[in-house]
Colleague: 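Pasting a structure here, questions to come.
Both ligands and their constituent atoms are indexed starting at 1 by order of listing.
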Amino acid sequence: MSDDATVLVETRGRVGLITLNRPKALNALNKATMDELVAAVTAFDADPGIGAVVITGSERAFAAGADIKEMASQSYMDMYAADWFRHWEDLTRLRIPLVAAVSGYALGGGCELAMMCDLIIAADTARFGQPEISLGVLPGMGGTQRLTRAVGKALAMDMILTGRQIDAEEALRAGLVSRVVPADRVLEEALEAAGTIAATSKPVAMLAKEAVGTAFETGVTHGVQIERRLFHSAFATEDQKEGMAAFVEKRTPDFHHR
Ligand code: CO8
């Protein structure tokens, strides 16, 4: 890894840990960060030894948005021809569960990156916002869709039209994050949650993620059909045999993640 890597990549047992590494720029998300982050998560997704990934930032900022300095002088044709930031969407097509550990600012693309993860665990210092309107643009990495589905129209409109930031407690009440913990515990809590996920069957965790993800994309009737198909397919795994046998035999399952 080069010294100027925009992300730091480590493993902790069966958990992959990715730390955004542009602290002086409050982890502003530039093209290099996108490429390196997507490559790191793609490699973990394909690695049978890794069952979940934690994405985190610094104490001050998870990420303060897309890199404004990189975008400022772009024309419409530059953005359109390059399909600017389309690659971020690749993250949402990967199957491995992603946990965001958010301290400090998660603004604009930073909030959108957190929302591409499956669980958001927030420090009590976390602040979420979509301030793009103040820059003369609107969210462009999925924020208008994912925030609205996560917190509902009223709060999404408030945040996106006024740029109002919400703190961790409001984010918890609104359903944007699943847990709020003291700042000095947030990474540990996220690694523990990811470790718990990674100890289960990887293929079955992927099926479960896909099933919940379907609720975001479709209606209940179709979603329940998809869920049933995915549920049936869990019976094709060795881990289903092991998990159920372990219950019957009153022992801890020994998953082989296949
Ligand atoms: N981009 C580039 N640099 C940034 C960014 C950013 N988003 N945020 C902070 N920085 C830099 C600052 O320029 C500063 O650099 P320098 O020291 O060289 O001047 C450094 O980080 C520290 O920042 P501040 O001095 O501003 O720190 P403060 O504590 O005073 O303020 C804030 C912290 C409030 C977070 C402030 O930095 C801020 O408002 N940042 C911008 C937040 C923002 O507007 N984010 C949205 C960006 S737009 C976006 O994300 C669109 C996503 C969709 C794009 C899709 C395209 C298709």
Colleague: Considering all heavy atoms of both residues, which atom of P97 and which atom of G51 are nearest to each other, and what is their separation?
Modeller: CD-O, 3.6 Å

Colleague: When you measure from atom 31 (O) of ligand 1 to the protein, is at least one non-hydrogen atom found at a distance under 4.0 Å?
Modeller: no

Colleague: What residue and heavy atom of the protein are closest to atom 10 (N) of ligand 1, and at what distance?
Modeller: A25 O, 3.6 Å

Colleague: Just let me know how A66 lines up against ligand 1, side chain, backbone, both or neither, with a heavy-atom cut-off below 4.0 Å.
Modeller: both

Colleague: Side chains of D45 and T42: donor-acceptor distance under 3.5 Å anywhere?
Modeller: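 There is no such pair between these side chains.
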
Colleague: At a 4.0 Å threshold, what atoms of ligand 1 neighbour a non-hydrogen atom of W84?
Modeller: 56 (C), 57 (C)

Colleague: Find out if a path of hydrophobic residues (ILVMFWY) with successive side-chain heavy-atom gaps under 4.5 Å connects I18 to L187.
Modeller: no

Colleague: If we ignore angles and hydrogens, is there a donor and acceptor under 3.5 Å between the side chains of E59 and S103?
Modeller: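 There is no such pair between these side chains.
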
Colleague: Protein heavy-atom contact under 4.0 Å for atom 17 (O) of ligand 1?
Modeller: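 Neighbour list for atom 17 (O) of ligand 1 is empty of protein heavy atoms (cut-off 4.0 Å).
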
Colleague: When you measure from the side chain of Q240 to the backbone N and O of A234, does any donor-acceptor pair fall under 3.5 Å?
Modeller: no

Colleague: Identify the two heavy atoms, one from M115 and one from G143, that lie closest to each other, and give their separation to 0.1 Å.
Modeller: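 For M115 and G143, the tightest heavy-atom pair comes out as CE-CA, 4.0 Å.
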
Colleague: Has ligand 1 got any nitrogen or oxygen that is less than 3.5 angstrom from a nitrogen or oxygen of A64?
Modeller: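 Yes, at least one N or O pair falls under 3.5 Å.
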
Colleague: Using a strict cut-off of less than 4.0 Å between a Lys/Arg side-chain nitrogen and an Asp/Glu carboxylate oxygen, indicate whether R22 and E70 qualify as a salt bridge.
Modeller: no

Colleague: I'd like to know if R95 and E210 make a salt bridge, using a cut-off of under 4.0 Å between side-chain N and carboxylate O.
Modeller: no

Colleague: Answer yes or no: is there an ion pair linking R164 with E170, defined by an N-O contact shorter than 4.0 Å?
Modeller: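 Yes, charged N to carboxylate O under 4.0 Å.
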
Colleague: Look at atom 37 (O) of ligand 1 and say whether a protein heavy atom is found at less than 4.0 angstrom from it.
Modeller: yes

Colleague: Can you check whether a protein heavy atom sits less than 4.0 angstrom from atom 49 (C) of ligand 1?
Modeller: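 Yes, there is one.
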
Colleague: Indicate yes or no: at least one non-hydrogen side-chain atom of V7 is less than 4.5 angstrom from one of V9.
Modeller: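 The answer is yes; the side chains approach within 4.5 Å.
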
Colleague: Partners of H222 by side chain to side chain donor-acceptor pair (under 3.5 Å), sequence neighbours excluded?
Modeller: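 Checked H222 against side chain to side chain donor-acceptor pair (under 3.5 Å); zero matches.
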
Colleague: Check whether any heavy atom of E70 sits under 4.0 Å from an atom of ligand 1.
Modeller: no

Colleague: Compare all side-chain heavy atoms of C117 with those of I55 and state whether any distance is below 4.5 angstrom.
Modeller: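 Yes; the side chains approach each other to less than 4.5 Å.
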
Colleague: Taking the basic N atoms (NZ, or NE/NH1/NH2) and the acidic carboxylate oxygens, is any pair closer than 4.0 Å for E192 and R12?
Modeller: no

Colleague: Can you pull out the closest protein heavy atom to atom 5 (C) of ligand 1? Residue, atom name and distance to 0.1 Å, please.
Modeller: A28 CB, 4.0 Å

Colleague: Just to be sure I'm reading this right: ignoring hydrogens, which of I68, L107, I133, L135 gets closest to atom 41 (C) of ligand 1? Compare them by their nearest heavy atoms.
Modeller: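 Selected option, by shortest heavy-atom distance: I68.
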
Colleague: For atom 52 (C) of ligand 1, what is the nearest protein heavy atom, given as residue, atom name and distance?
Modeller: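 Answer for atom 52 (C) of ligand 1: E112 OE1, 3.6 Å.
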
Colleague: Using heavy atoms and a threshold below 4.0 Å, how should the contact between Y105 and ligand 1 be classified: side chain, backbone, both, or neither?
Modeller: side chain

Colleague: Protein heavy atoms: any of them under 4.0 Å from atom 23 (O) of ligand 1?
Modeller: yes

Colleague: Do any N/O atoms on K69 end up under 3.5 angstrom from N/O atoms on ligand 1?
Modeller: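 The answer is yes, given that K69 and ligand 1 share an N or O pair closer than 3.5 Å.
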
Colleague: Can you name the atoms of ligand 1, numbered from 1 with element, that are less than 4.0 Å from a heavy atom of G109?
Modeller: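 The atoms of ligand 1 under 4.0 Å from a heavy atom of G109 are 49 (C), 50 (O), 52 (C).
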
Colleague: Which residue and atom name correspond to the protein heavy atom nearest atom 20 (C) of ligand 1, and how close is it?
Modeller: K24 O, 3.2 Å

Colleague: Could you check which of D67, V137, D83, L29 puts a non-hydrogen atom nearest to atom 2 (C) of ligand 1?
Modeller: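 Closest candidate by heavy-atom distance is D67.
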
Colleague: For ligand 1, which atoms sit closer than 4.0 Å to a heavy atom of P131?
Modeller: 43 (C), 44 (O), 45 (N), 46 (C)

Colleague: Can you confirm, on distance only, whether ligand 1 has an N/O atom lying under 3.5 Å from any N/O atom belonging to G140?
Modeller: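 For ligand 1, there is no N or O atom that lies under 3.5 Å from one belonging to G140.
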
Colleague: As an exercise, identify every atom of ligand 1 less than 4.0 angstrom from a heavy atom of F85.
Modeller: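 Ligand 1 atoms under the 4.0 Å threshold to F85: 54 (C), 55 (C), 56 (C).
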
Colleague: Can you report which non-hydrogen protein atom sits closest to atom 29 (O) of ligand 1, along with the distance?
Modeller: R60 NH2, 2.6 Å

